[in-house]
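Note that these values count all heavy atoms, side chains included, but never hydrogens, waters or copies made by symmetry. Indexing begins at 1, ligand by ligand and atom by atom, following the structure's order. In this text the structure is predicted, and so the values were computed from the model without any measurement.
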Amino acid sequence: MADRLGTALQYARQNQGAFLRAYQEILSIPSVSTDPEHAGDIRRAAEWLRLQLTGLGMQKVQLFPTPKHPIVYGEWLQVEGAPTVLIYGHYDVQPADPLELWKTPPFEPTVIGEDIFARGASDMKGQALVTLKAVEALVKTDGLPINIKWLFEGEEEIGSPNLEKFIDSQRDLLKCDFALNPDAGMMGAGLPTITYALRGLAYFELHVYGPAHDLHSGIFGGAVHNPANALAELIAGMHDASGRVTLPDFYKRVRGLSKAEREEFARLPMDERFYLEQTGAPKLYGEKGYTPAERTGARPTLDVNGILSGFTGTGSKTVIPASAMAKISMRLVPDQDPQEVHQQLLRYLEQKAPADIRWEVVPMSGGPASISDRNHIGVKAMEKALTSVWGCQPFYRREGGSIPVVSDMQRLLGIESVVTGFGLPDDNVHAPNEKQHLPTWHQGIETLIHFFLNLKSG
Ligand code: BES
Ligand code: MN
């Protein structure tokens with residue numbers, strides 16, 4: 001075992017340059033899932049992964065078409081009696097805009113100091129590559145100590161619209177002991193982290209319609225309700241003075257926090273100063289009675305993600321717009337149900353919307369929150385691996401972001417996921433100048449080598 005570990009780690013260290021070149025290759029493909037213009041790039045990224053899996057000697061390597069972007073599958077099941085791990089990843093990325101804020105081109109990966117800058121460097125091509133290169137180090141030395149299956153999707157950043165159906169229809173193919181999901185991050189450099197809970201998501205467009213067409217705001221201002229004003233009023237009513245969401249029954253199913261959980265939150269290195277530094281906001285905001293770490297990790301929230309109405313160009317235009325739209329999403333915690341939250345939003349609007357406008361809610365992506373068993377073999381093997389590589393115990397944290405596949409796998413496959421990752425809080429994910437800290441990335445590869453070997457011996 002010690003020798004197996006030593007030779008695999010040595011392989012990883014000797015091949016750091018080649019690993020980085022592969023990473024740069026995949027980062028050069030602009031696989032933006034939301035933009036139809038990039039469908040060809042999405043395809044190229046999927047083909048690139050297919051080649052990687054084939055090169056690793058994986059079997060049954062194939063692309064499964066979906067109504068949108070293909071799922072890449074591969075497996076290696078040659079170690080009798082050893083556990084089977086389903087490795088999850090997504091090869092799609094968020095759009096790079098606003099382009100003018102990037103210091104280096106988003107799809108020309110650039111190493112500056114210890115960081116590599118590119119869209120997807122952290123979320124999550126970097127993490128996907130960590131899994132591929134850790135497996136490579138094992139395959140190219142003494143062989144894989146366990147069984148693995150791979151599932152790479154190309155639609156995570158648009159809410160995985162076709163993944164649930166795929167998992168449901170491929171239960172036999174995906175049968176495994178647990179999943180490895182490296183799509184979360186670390187709490188800071190040198191602070192290894194296991195994410196044991198994720199928030200869910202319910203995402204909507206709220207359209208408000210007023211006059212049949214745009215109006216001169218002088219001639220008609222005062223005679224009709226401006227849809228942009230009405231939308232703003234509706235949005236303003238969605239929180240009360242203590243920062244709580246006012247949708248009817250919104251908190252009904254929210255699981256409370258035990259004293260022990262609150263103590264654990266308090267021990268995380270995420271105090272008010274951390275949030276002020278990370279956000280650059282002049283002051284923090286949130287639900288009264290909870291710390292920022294609790295509010296993001298274990299309390300539900302409602303946010304406007306975008307507003308569209310009227311004239312927003314240079315200069316001024318005196319107009320009453322005919323309509324207004326807001327993208328509004330709620331981050332959910334156990335045991336909230338996205339369908340129920342949809343109904344709560346409708347009820348709020350039925351009660352609060354004035355009769356002088358019409359409104360419509362268009363549901364978008366979503367999924368429930370998840371909490372994972374912290375004692376299963378995958379988590380234990382990861383805890384040991386992180387401890388070996390970083391020289392300290394990992395933090396267990398509840399994450400505010402969403403990875404809907406974790407609850408899909410719980411529900412459809414009956415399996416838990418080990419959720420971790422090697423991105424840092426200041427990686428600018430979904431934002432300009434996304435980056436990945438390369439020394440952490442290489443340590444990530446070493447961590448997964450330990451992890452796979454820990455599963456064998458345990
Ligand atoms: N990797 C993120 C989720 C994440 C972010 C986990 C930060 C841990 C820390 C993932 O790619 C993502 O952005 N998910 C979306 C989900 C949505 C599109 C359904 C999110 O959270 O907004
Ligand atoms: Mn993301």
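- Looking at Arg331 against ligand 1, only its side chain comes within 4.0 Å, counting heavy atoms.
- Between the Mn ion (ligand 2) and Glu157 there is an N/O/S contact shorter than 2.8 Å.
- Atom CD of Glu263 is surrounded by more than 12 heavy atoms from other residues, nucleotides or ligands within 6.0 Å.
- Taking the six-membered ring for Trp and thresholds of 30 and 60 degrees, His342 and Phe204 have ring planes inclined between 30 and 60 degrees apart.
- Ligand 1 does not have Arg199 within reach: every non-hydrogen atom of the residue lies 4.0 Å or more from it.
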Starting from the C-alpha separation in whole Å, work towards a yes-or-no answer on side chain to side chain donor-acceptor pair (under 3.5 Å) for Thr195 and Tyr396.
CA-CA 6 Å; Thr195 293; Tyr396 282 89; over 6 Å; no
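- With ring centers used as reference points, Trp441 lies 6.0 Å or more from Phe19.
- When non-hydrogen atoms are compared, ligand 1 lies under 4.0 Å from neither the backbone nor the side chain of Gln94.
- Contact atoms of ligand 1 toward Glu157: 11 (O), 12 (C), 13 (O) (distance under 4.0 Å to a heavy atom of the residue).
- Nearest protein neighbour of atom 19 (C) of ligand 1, counting heavy atoms only, is Leu201 CD2, 3.5 Å.
- With hydrogens left out, the protein atom closest to atom 12 (C) of ligand 1 is Glu156 OE2, 3.6 Å, a heavy atom.
- For the pair Glu399 and ligand 1, the shortest N or O to N or O distance does not fall below 3.5 Å.
- Of all protein heavy atoms, the one lying nearest to atom 4 (C) of ligand 1 is Asp183 O, 3.8 Å.
- One finds the CD atom of Gln410 at 14.0 Å from the CZ atom of Phe178 (value rounded to the nearest 0.5 Å).
- Counting atoms of ligand 1 from 1 in the listed order, those under 4.0 Å from a heavy atom of His430 are 13 (O).
- Within Asp123, OD2 is the N, O or S atom that lies nearest to the Mn ion (ligand 2).
- The pair Lys435-Asp426 counts as a salt bridge, with a side-chain nitrogen and a carboxylate oxygen less than 4.0 angstrom apart.
- The aromatic rings of His207 and Tyr209 sit parallel to each other, their planes meeting at less than 30°, with 60° as the upper class boundary.
- The ligand atoms of ligand 1 that sit less than 4.0 angstrom from a heavy atom of His90 are 11 (O).
- Distances below 4.0 Å separate heavy atoms of Ala184 from the following atoms of ligand 1: 6 (C), 8 (C).
- Of all protein heavy atoms, the one closest to atom 16 (C) of ligand 1 is Ser402 O, 3.5 Å.
- Salt bridge Glu261/Arg398: present, at least one basic N to carboxylate O contact under 4.0 Å.
- Judged purely by atom type and a 3.5 angstrom limit, Lys149 has no side-chain atom pairing as donor or acceptor with the backbone of Tyr73.
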